[in-house]
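The structure appears right after this line, and notes come after that.
The chains referred to below are lettered A, B, ... by the order of the sequence lines, with proteins before strands, and numbering in each begins at 1.
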Amino acid sequence: MDKVYQHKSVEEKWYKIWEEKGYFTPKIDKSKKPYTVLLPLPNANDPMHMGHALFTVEDILVRFHRMLGEPTLWLPGGDHAGIETQFVFEKKLAREGKSRFDFDRDTLYRMISDFVDQNKNINRDQMKRLGFSLDWTRYHFSLEPKIVEKVLATFQKLHHDNLIYRAERLVNFCPRCGTAFSDLEVNHEERSDLLYFIDYGSIQIATARPETIFADVAVAVNPKDKRFKKAVGKTAIIPLINKEIPIISDDAIQIDFGTGALKVTPAHDQVDYEIGLRHKLPVISTIDRFGRFIQVPQQYKGLKIAAARKMIADDLEKAGKLVKTEPLIHTVSICYRCKGTIEPMLMPQWFVKTKPLAEPAIQAVKKGRTKIVPAKRFEKLYFDWLENIHDWNISRQIVWGPRLPIWYCLDCNLELEISFIDSKGQKVSGTYKNLSDKYAFEEIEKGLQSIIAPLDATYSLTSGPCKTCGGNHILQETDTFDTWFLSGQWPLTTLDFPDGADFKYFYPTSVLDTLWDILFFWVARMMMFGLYLANDVPFRVIHLHSRVVDNHGQKMSKSKGNVVNPIEMVDKYGADALRFALVFGAAPGSDISLSEDKIRGMRNFSNKLWNIGRFLKMSSSSLSPQSSLSSSSSDKIMLSEFKKVHKKATSLIEKYQFGQAGEIIYEFIWHAFADNYIEESKDLLKENNTARLNTLLTIYQGSLKLLHPFMPFITEEINHSLFPNSDPLIISTW
RNA sequence: GCGCGCAUAGCUCAGUGGUAGAGCGUUUCGUUGACAUCGAAAAGGUCUAUGGUUCAAAUCCAUAUGCGCGCACCA
């Protein structure tokens, strides 16, 4: 054995052996209860970050249960990650001076697909570097035909059960990403803006968005506000266009904000939209899907929002209608992806009715069919969200994802709006009624970018000729599914629901371990889909771990420059050192701070472990083997100490207290075993006390097993070197 | 605004109703049958503050302060 542990060759060698021998692939044995974990599917083309490395927690669980003799499945996968991937790809296009609007959707889709394929295996190979004992024979990608087929079937079932509907709602639209989002994908940010006080003739209003005045349909005041008692029922005048609008009263208005009078703009604000519904007000949109001004006086047409705000504010001032401005600190909605401002926009979208799905998901946790760990912190969050859930907007106006299985007959829906690239490469858009004389259907279909069907459009859930008119001019909906609609069904689709052998054996899975930030996005949705489709929870336990932060408690991010690259650390200190550093001394549910110093410390531990092995190996080569154990009082103390550690570590792992389990094993090996027991043994070994050597070896091998789930490579290598006739640790008995 | 979490050694963090712990750092000593990626030892904390419960609180409760986070339609 080398004087210093050389991780590199050892890690490569053992991963290959484990994988080739099929140790990661469980045998279905109906007499035994399986242990199943699904890997939270990483974005297939994302390089690994520390968040992925934290899946070490899952490898510990999986290796532990495998050693307990349970048929153990840890199932890997890759996510197409709809908007995430398209966003990255569009940035690449932008660097080349192009945009997605330069391509028809089939071409764009193919380009993204190629881009993903080029990078698809990066993450997979990096998982292997960390020693993750994933069953690669069961790897799935979220856009595999078999997976998509099942997802579409779910949509059809939901539709059949009346849980899908299409509606025009004020949705969260990001003009930069060009798509609507669900409520979950919207973040909030505090901003410093101006509050504009504007003269509306008989009344003065205050607004942060003067550019939307042309979309105003009323001015609202609080019914309890004595100042405006007489104004209600009269009219106000929108400046610059001198349009008369009614003054109404509504409880939503805060008396002490601004002037106490709110301009009501239903098309561009959520609160105003609801006021509009209550008072049956019209809706006027003045901003389109690209964030440009429409239906406004000529000089403002086509302007972007920021430019329009400045110009309109200037014009108001010139007209003497801008009374004053005040600084305003308020929160605005921003896109979680590109950080741009979200524009509430009136658009037809596809929704899932979530209340009927949420109720069983709430009950399942209340009744303990699924346990959340740590419960104290996250159960309440889970219930709060599911109890207040809104319907789920599942349609995205991007190409990277499966299109909704909805087909429109153009001849039956002449008002359907189409955008496409014609045979000369020109962008064309308009209603089918206007386009059908000039363009052949085939040309439209070939260059198709997107369609927007009128709200009352008729549609079919299957492709093929129109069932009403028999026509063949059929286009499939261009909206694609929210990524989470696919990943929400991951336990079902990957295990081959409803009839697959894997599904019947491995479902429900044992533990779902993930970072808490996708509790709603992903975990709650899997609960809903699992119960809805399979009538059983997708997992018995939800284990939530926290994020990895730097050694100042700061979140790791590229812009802060504090990112620790896991693969770099593996190269430098070994996968085992990184793995142990990630779990050592970490409490469930709290942030895990990681520094290179800590990883180095754990590398030192692995070297210590190595040298214990080296010492024992040297000792055994000079002594003849003997089967009996020594039995002095210090031996007895040591053996019973080991048993205690074994028992304690077992129960800590069962309670998901990996940090503490790691600590007591570390403490035992380094201090109790090496510093005390080995030192004390040196004289005895000089006197050829083989019984003592046997005791040393027995306890050492036991310790290697305890440590194996945490540090799989080095323990396997030492075990093989010292005990060449015993089983590999990965399949040894705990 | 509502809700949640955290405040323990120089730094990063574990921990428990009953003489304060780890990793890293610091100081001193050490070439002992493996390991200097080591060993022996040491320094360093009124466990945020105040009040309460208790024989006993850093640990439970209340309030305050500071920091972090989640949710929310403040124009």
Side-chain angles (χ1 to χ4, degrees), chain A residues 1-5 170 183-184 186-188 193 195-198 205-210 212 216 219-220 252-254 256-265 268-275 328-333 344 374 376-381 384-385 388 516-517 519-520 546-547 549-555 573-574 577 580-581 583-619 622 657 659-660 662-664 666-667 670-671 674-676 678-679 681-683 685-686:
Chain A
M1 286 172 84
D2 291 327
K3 189 170 169 184
V4 170
Y5 171 58
L170 208 61
D183 296 337
L184 274 180
V186 176
N187 289 336
H188 301 274
D193 277 320
L195 187 63
Y196 297 78
F197 290 74
I198 303 172
I205 60 97
T207 181
R209 301 200 61 187
T212 63
D216 291 349
V219 169
I253 312 306
Q254 288 187 29
D256 54 3
F257 187 92
T259 64
L262 170 78
K263 70 187 207 56
V264 182
T265 320
H268 301 296
D269 186 279
Q270 191 63 44
V271 175
D272 296 13
Y273 182 70
E274 278 154 28
I275 293 173
L328 173 71
I329 294 169
H330 63 155
T331 49
V332 295
S333 300
K376 188 183 157 203
R377 186 126 151 238
F378 296 108
E379 262 185 10
K380 189 174 153 43
L381 266 183
D384 281 355
W385 187 70
N388 298 303
W516 53 260
D517 66 349
L519 180 63
F520 307 141
S546 273
R547 70 174 90 230
V549 296
D550 72 4
N551 56 349
H552 300 291
Q554 296 288 308
K555 190 182 162 183
Y573 301 110
F580 211 44
V583 295
F584 192 87
S590 64
D591 284 352
I592 295 156
S593 84
L594 186 75
S595 60
E596 189 161 342
D597 277 346
K598 189 172 180 188
I599 302 169
R600 193 185 302 118
M602 295 306 148
R603 186 274 316 264
N604 294 353
F605 174 62
S606 64
N607 193 55
K608 182 75 186 179
L609 187 75
W610 178 259
N611 273 288
I612 296 169
R614 186 157 165 259
F615 173 71
L616 293 177
K617 191 168 181 185
M618 283 161 70
S619 304
S622 62
Q657 314 231 357
Q660 277 202 82
E663 275 189 67
I664 65 163
Y666 175 102
E667 164 68 25
W670 198 320
H671 300 115
D675 292 345
N676 297 326
I678 289 186
E679 291 305 322
S681 301
K682 284 180 176 172
D683 287 339
L685 293 175
K686 263 184 211 157

**Study point:** Under-3.5 Å donor-acceptor pair between A/Glu274 side chain and B/C73 base
**Key:** no
Practice item. Classify the side chain of A/Lys608 and the base of B/C35 as holding, or not holding, a donor-acceptor pair under 3.5 Å. Key: yes
How many whole angstroms separate atom [atom1] of [X] from atom [atom2] of [N]?
{"X": "A/Asp517", "N": "B/G5", "atom1": "CG", "atom2": "P", "result": "19 Å"}
{"X": "A/Asp2", "N": "B/C35", "atom1": "CG", "atom2": "C1'", "result": "13 Å"}
{"X": "A/Tyr5", "N": "B/C38", "atom1": "OH", "atom2": "C1'", "result": "19 Å"}
{"X": "A/Asp183", "N": "B/G70", "atom1": "CG", "atom2": "P", "result": "16 Å"}
{"X": "A/Ile329", "N": "B/A75", "atom1": "CD1", "atom2": "C1'", "result": "16 Å"}
{"X": "A/Leu594", "N": "B/C11", "atom1": "CG", "atom2": "P", "result": "19 Å"}
{"X": "A/Ile664", "N": "B/G21", "atom1": "CD1", "atom2": "P", "result": "17 Å"}

What distance separates [X] [atom1] from [Y] [atom2], expressed to the nearest 0.5 Å?
{"X": "A/Thr259", "Y": "A/Ile205", "atom1": "OG1", "atom2": "CD1", "result": "6.5 Å"}
{"X": "A/Ile329", "Y": "A/Leu195", "atom1": "CD1", "atom2": "CG", "result": "12.0 Å"}
{"X": "A/Phe615", "Y": "A/Lys682", "atom1": "CZ", "atom2": "NZ", "result": "5.5 Å"}

Minimum-distance nucleotide to [X] side chain [options: [options]]:
{"X": "A/Arg614", "options": "B/G23, B/A34, B/C69", "answer": "B/A34"}
{"X": "A/Ala208", "options": "B/A75, B/C24, B/C35", "answer": "B/A75"}
{"X": "A/Trp516", "options": "B/G70, B/A34, B/C73", "answer": "B/G70"}
{"X": "A/Lys3", "options": "B/A72, B/A36, B/G33", "answer": "B/A36"}

With heavy atoms under 4.0 Å as the rule, sort [X] into base, sugar-phosphate or nothing.
{"X": "A/Glu679", "value": "base"}
{"X": "A/Gly659", "value": "nothing"}
{"X": "A/Asp675", "value": "sugar-phosphate"}
{"X": "A/Phe584", "value": "sugar-phosphate"}
{"X": "A/Ile253", "value": "base"}
{"X": "A/Gln254", "value": "base"}

Check your understanding: Is there a side-chain polar atom (N or O) of A/Asn607 under 4.0 Å from OP1 or OP2 of B/C38?
Key -> no
**Study point:** Residue-phosphate contact under 4.0 Å: A/His188 side-chain N/O, B/C71 OP1/OP2
**Key:** no
Review point. Should A/Phe520 and A/Leu381 count as side-chain neighbours, where that means a heavy-atom distance under 4.5 Å?
Key: yes
Review point. Are A/Leu170 and A/Asp272 close enough that some pair of their side-chain heavy atoms sits under 4.5 Å apart?
Key: no
Practice item. By nearest nucleotide on RNA chain B, pick out whichever of A/Lys682 and A/Asp597 is the more 5' one. Key: A/Asp597
Revision key, fill the gap. Paired to B/U19 by Watson-Crick or G-U wobble criteria (both distances under 3.5 Å) is none
Point to revise | Base-pairing mate for B/A36 - Watson-Crick or G-U, with both contacts under 3.5 Å | key: none
Exercise for review: Just say parallel, tilted or perpendicular for the rings of A/Trp516 and A/Phe378, cut-offs at 30° and 60°.
Suggested key: parallel
